[in-house]
Every structure is written in C-alpha cells, then in structure tokens.
Amino acid sequence: MTTSTMTKRAAKFAIIALAAASLTACASRPKPEAVGPTPPPPPPPASQPGTPPPPVSQGALPGTQQDFVINVGDRVYFDFDSYSVRGDAAQILEAQAAWLNRYPAVMIRIEGNADERGTREYNLALGARRANAVRDFLVARGVSSSRINTVSYGKERPIDPGTSEDAYQRNRNAHTAITSGAN
Amino acid sequence: MRLRTLFVALTAALLSAATLASPARAQIEVDVNRGDIQPLPVAVPAFTGERGAEIAQVITSNLERSGLFRPIDPAAFIERDLDIRYQPRFAEWKTINAQGLVNGEVTVDATGRLTVNFRLWDVFSEQQLLGMQFTSTSENWRRVAHKISDAVYERLTGEKGYFDTRVVFVAESGGRVDRVKRLAIMDQDGANPSYLTDGSYIVMTPRFSSTSQEITYMALRPDGSSIYLFNLETGRREALGNFSGMVFAPRFSHDGSKVAFSVERGGNTDVHVMDLRSRSTSRLTSDPSIDTSPSFSPDGARITFNSDRGGSPQIYVMNADGSGAMRVSRGGGRYMTPVWSPTGEFIAFTKQAGGQFHIGVMRPDGSGERLLTTSYLDEGPTWAPNGRVLMFSRETPGGPSRLWSVDVTGRVVRPAPYPQSGSDPAWSPLLN
C-alpha cells in the first residue's frame, strides 16, 4: 500500500467522519444565537459586607379583597342596641363607598352582628337594622343597591369570644364581605 | 290522710301564684316565695321482673327532678320482698316515713310484649290510690316508665304530668366564635338524644306543635334565612314561604293550624302569620320597629310579641288579626321572648335588667310579674305541656350554653338532664 493510497483512504474516512459529525450537530444543537458584547462587571458593593439588603415594601394590589380589608376597612362598629352610624363608622363607610365606586364590578354582602347581651331573635332583627344602615349609607353615596346583599347573623357570629365591654363592642358590628368581582 | 298535705300545699301554692296578680291579696305571695312546699317522701322499689330496676329508676328520677317529691334511698327500705299481688307491710314503710309507695311487676311474653302492672299506695292511710297496667314492646320500656311517672304525678298533684314528652333543642359544639349548631331531640329526661341536622348551617329557635309531632325552626346561611316545617314521624321537611328579607322566630298556634313569624325588610321587622292549610300569609304589624318573637294565646284569639316601638324591647299583646296592640310589660328593664303558657294563665319571658338576665312570668295583662331566675344570661323559656315547669338556656360568662329548668314558683331551679352544650329548648306536648 502506497502512502498516497493511505492518504486517500484517510481523507475519505475523514470526510465520512465529518459528514457524520455534522449530521449529529444538525440534529442535536440549536442554531447559535448572536451574542452581544459582554456586559461590564458590576461595581463592587459600596457598603460593608454583612449589611442586610435594603427592605422590600409590599402591599395589596389595588382592587383586591386585601386592598379593601387593609386600606379601607371592612367592619364598622355600633353602640349598644343602636344602629345609627357613628362618626368613626362614617369615615370608614365613606372610604368603602369610594372604593366600591372605583371598582364597580365588586359585589358585597353586609353582615349585621350583635353582642350576646340580648335574645337570639331580637338580636337577629337588630343585626338586620345594622346591615341595612350600612347599606343605606353606601347607596346614598352612589353604590348601586343591586350590588349589595344584607344578612343578619344576630349574636351567632361573634368575632371576640370575650365577655368584657370591649368584646361586646367588637361584636356589635356590620361586616362588608366581598362576594365577587374583586381583582 | 297525710297525702292530703301535698294536695293542699300544692293547691295553695298554685292558688297563691294565681292570685299574686291581685295586690289586695299580696300577703299570700310570701308563702310561695318562702317555698314552703316540702317535697313528699316517696319510695319506688325496683319492680320485679325484666327491666324492673331500670323502670323504677326512671320513675324515681322523674319524680325527684320535679322538685315535688323526695325519693327515699332504697338502702333504707325494710320490706324487700314486695309482691304486687299482696298489700305492702305498711308499718315498715311508715318506719322510714315513706308517704307514697310505688311498686310494680314487669313481664315479657314470648313475642316480646312487655306488660307492667303497678300500684300507688298511700302508706299512712293504707289505701291504694292507683292500680294500672301498661303494655308495649319491650324496647319501649322507658316510655312505659314515663307513663307511670305521669300517672303517679297526676294522682298526687291533681295536675297532668309532663314526663312522657320530648324536647327539641339546638346542640352546640365548637368555640364561641365558630359555634356549630345542630337541631337535636331527646326525651325530657335527656335519654335518646339524636341529631336532626348535620351542622353545616346554623339552626335556631325550634318549636314544637302542641298537637302533633311536628316542629318549626329557622335555618341561617350566608345567603339568608328560612323557616322550616319538619314532621318527626315522616321525616318530611319543607321550607315555609319564600321571603326576600330575613325570616325568623317561627311559632305554631296552639291548634297547629298557623305559624306566626317575623319577616325583616330593609331593616324593619314585622310579625306575619301563615295559614298552614292554604299557605296564605298576612302581615300583622307594620310599625317601623322590631316586632318579633310572636306567641299565640291557647285559644288563638291573641298574640303576644316583642317590640321596641316604645324605645326599648317590651312585651305587647294584640288580637290575632294584628289589631289592638297594647304594651303589657310594666317594670324597668328590657323584656323579650314572651311565651304564652299552655293554660293561658301566664306569659313567660326573658328580662334583662341591671346587667343580669331573668326568666319570669306575668299575667297576660302584665300584672303579677315574678322573676324565677337570675344569671349572667338566661334566655328563651319554653313551657312543659302542663304549664308547671319551664326550660330555658343559661350561659355563664365565656362558658357554653346549657339547658336548665325552673318550676313556675321559682323554687326548683336546676340543670336539665342533658350533659352537653345546648340552647333554645322547646317542649313537646304529651306523647300519645
């Protein structure tokens, strides 16, 4: 066997190998993307190592139920055996009305509650009065009545299990629950 | 005849309770409030035969709970071989001062039929006061014991008994802020409790028909409330009407033909009535106040209800067509849940005054008010069918609600024989 024959054979083998290699490459490797210039390295940290990173503030997304509960307030309170809207309640209800007018798809249920210092039946009626007082307030500020349902839980759903005056006060409330339409 | 003492004492007590209304005779009030009825000592030895000891025990407990009788400890008994066919040895019962003696015999035949013969004796006059026989299936032995209790009670007091009855109520579980409330029923002595709803929604204020084994109650869900009729014999349950606002506080008329209830619309609560046959509804009050907790007089002619039309919750009485409403509660404080007694004689109520709650009774014109209980929270009286005992709910501060009972003189206040948490009891009529 001559050297030239050897070379030819080697070349032939090399071509086959190359073809195989390129076939393999075509089947498995994506077309390379154009790569931009390498970005400069980040500047060295300005502060001492070990200092905690700056705080990340969080908040409710506007229009969500959390937004309503945290930033507006979903509960207003009443005096004993009363359903008149107090000054502190009016502030919250103004904000509820403004929020509800901003998000007109939101539907709500107003739940009237009473403390345990009354009978079951009378307190159902009293809770209904409270729910309706809140409803009337919101409707007077432009919230469509078709978006509002009311229910009274009487003294059946206290939020505070205590038996102090403070606990009774917390349990005399109207709760605005979002039933649908929040973001 | 020493048993006369009990008749006389009871009659005197009832008369004086009844005459309290008249201020001119108010001195009799002292007698009742002193509680001068001495419970009558009775002996109820174990009946002979199958279930005999248990039957005697049920009778003993019934009589004891009424507060009118003091059962003697069987350990003190001298005569131990009583036989229903022979007279007791009276001298031996006199020795332990048993004034009444109940003895009996149980037999069960091959088919499982239970027969109970019993006699009631006046020990000191050595006379038989009752000799009766009851038959039933053997598994129904508790009811037989209740029927015997009623017979003894009626013979010795002159009034109908109330032991062969049931109580529907709300069984409570869970915490104070997430209470689970299930409709439940039990015998008046706490036996055979069972649930009628599953607790997935709130139920309250069940009431028995006084003519049938039917109840009405209210269910409360987030989307509103409804009132139901529930036949305990057939298990049939149906919603009554379809109202846009809250509907609550249902209660049968005494003849069972109507249900009165409250409907709330736009914050205003009024009393309505439904004829159960025609299902037609009419509105009885139209005041812009809370008008609720209606209860018919036994003759159906009048309705007592709770209204705050005068500024605070008070008790009113009107004609059954809604006309002529007049306030009857007179004292200071807040008056709620009026319930007409089965005899027509009294209206029982819940009163809130001075930081306390009371169960009380008054005459239907508001006179003769007497407070029977005092506690942190007593509420919602229901009458035993003989008008002699009331059951109600009691809560201690922060504690669970329990069922309690009090007799109409206020002398016997005690927990009802239901060991768990419950509220809103309603007494059945005597079973047939």
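Below, each value reflects all heavy atoms present in this structure, side chains not excepted, and no hydrogens, waters or symmetry copies. Each chain gets a letter, A, B and so on, in the order the sequences are listed, and its residues count up from 1.
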Legend entry - B:T269/A:L124 under side-chain contact (heavy atoms from CB on, under 4.5 Å): CA gap, chis, key distance, verdict: CA-CA 10 Å; B:T269 296; A:L124 276 174; over 6 Å; no

Inset, instruction - Report the C-alpha separation of B:D308 and A:Y122 in whole Å, then their side-chain angles, then the decisive distance to 0.1 Å, and conclude whether the side-chain contact (heavy atoms from CB on, under 4.5 Å) test is met. - result: CA-CA 9 Å; B:D308 72 340; A:Y122 184 84; 3.3 Å; yes

Inset, instruction - Apply side-chain contact (heavy atoms from CB on, under 4.5 Å) to the pair A:V151 and B:L220, showing each step before the final yes or no. - result: CA-CA 9 Å; A:V151 70; B:L220 177 57; 4.2 Å; yes

Inset, instruction - Applying side-chain contact (heavy atoms from CB on, under 4.5 Å), run through A:R120 and B:F248 and close with a yes or a no. - result: CA-CA 10 Å; A:R120 217 172 290 297; B:F248 55 104; over 6 Å; no

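A salt bridge is absent between A:R129 and B:E264: the closest approach of a Lys/Arg side-chain nitrogen to an acidic carboxylate oxygen does not fall below 4.0 angstrom. A salt bridge is defined here as a Lys NZ or Arg NE, NH1 or NH2 lying under 4.0 Å from an Asp or Glu carboxylate O, and B:E379 with A:K155 meets this definition. Taking the charged nitrogens against the carboxylate oxygens, A:E121 and B:R207 do have a contact shorter than 4.0 Å, which makes a salt bridge.
Between the side chain of A:R117 and the backbone N or O of B:Q356, no donor-acceptor pair lies under 3.5 Å.
The number of heavy atoms from other shown groups lying within 6.0 Å of OH (A:Y83) does not exceed 12. Within 6.0 Å of the CG atom in B:D223, the count of heavy atoms belonging to other residues, nucleotides or ligands exceeds 12. Residue-environment remark: CZ (A:F80) exceeds the threshold of 12 foreign heavy atoms within 6.0 Å. Surrounding CD of A:E94 are more than 12 heavy atoms belonging to other residues, nucleotides or ligands, all under 6.0 Å away.
Minimum heavy-atom separation, B:R179 to A:R157: O-NH1, 3.5 Å. Nearest heavy atoms, A:Y153 versus B:R221: CE2-O, 4.4 Å.
When each of A:G112, A:P158, A:A133 is checked for heavy-atom pairs under 4.5 Å with chain B, A:P158 comes out on top. Taking chain A as the reference chain and counting heavy-atom pairs below 4.5 Å, the highest number among B:S293, B:G267, B:S312, B:P397 is found for B:G267. Listed options B:G398, B:G380, B:G224, B:G266 were ranked by heavy-atom pairs under 4.5 angstrom with chain A; first place goes to B:G266. Here B:I202 is the residue among B:I202, B:D178, B:D291 with the most heavy-atom pairs under 4.5 Å with chain A.
There is no contact between B:T396 and chain A, counting heavy-atom distances below 4.5 Å. Interface remark: B:I290 contributes backbone and side-chain atoms alike to the contact with chain A (heavy atom separation under 4.5 Å). If you measure heavy-atom distances from B:S262 to chain A, you find no contacts under 4.5 Å at all. Interface residue A:D81: only side-chain heavy atoms are found under 4.5 Å from chain B. For A:D160, the part lying near chain B is the backbone, with the side chain staying farther off; criterion is any non-hydrogen pair under 4.5 Å. Contact annotation for B:R334: only side-chain heavy atoms (C-beta onward) come within less than 4.5 Å of a heavy atom of chain A. With a threshold of 4.5 angstrom between heavy atoms, A:R130 does not approach chain B through any atom at all.
Using modelled atom types, one finds a donor on one side chain and an acceptor on the other under 3.5 Å when comparing B:Y376 with A:E116.
Side-chain contact between B:T292 and A:T119: absent, with no pair of heavy atoms (C-beta onward) separated by less than 4.5 Å.
Atom CE of residue B:M336 and atom CG of residue A:N123 lie 8.0 Å apart, to the nearest 0.5 angstrom.
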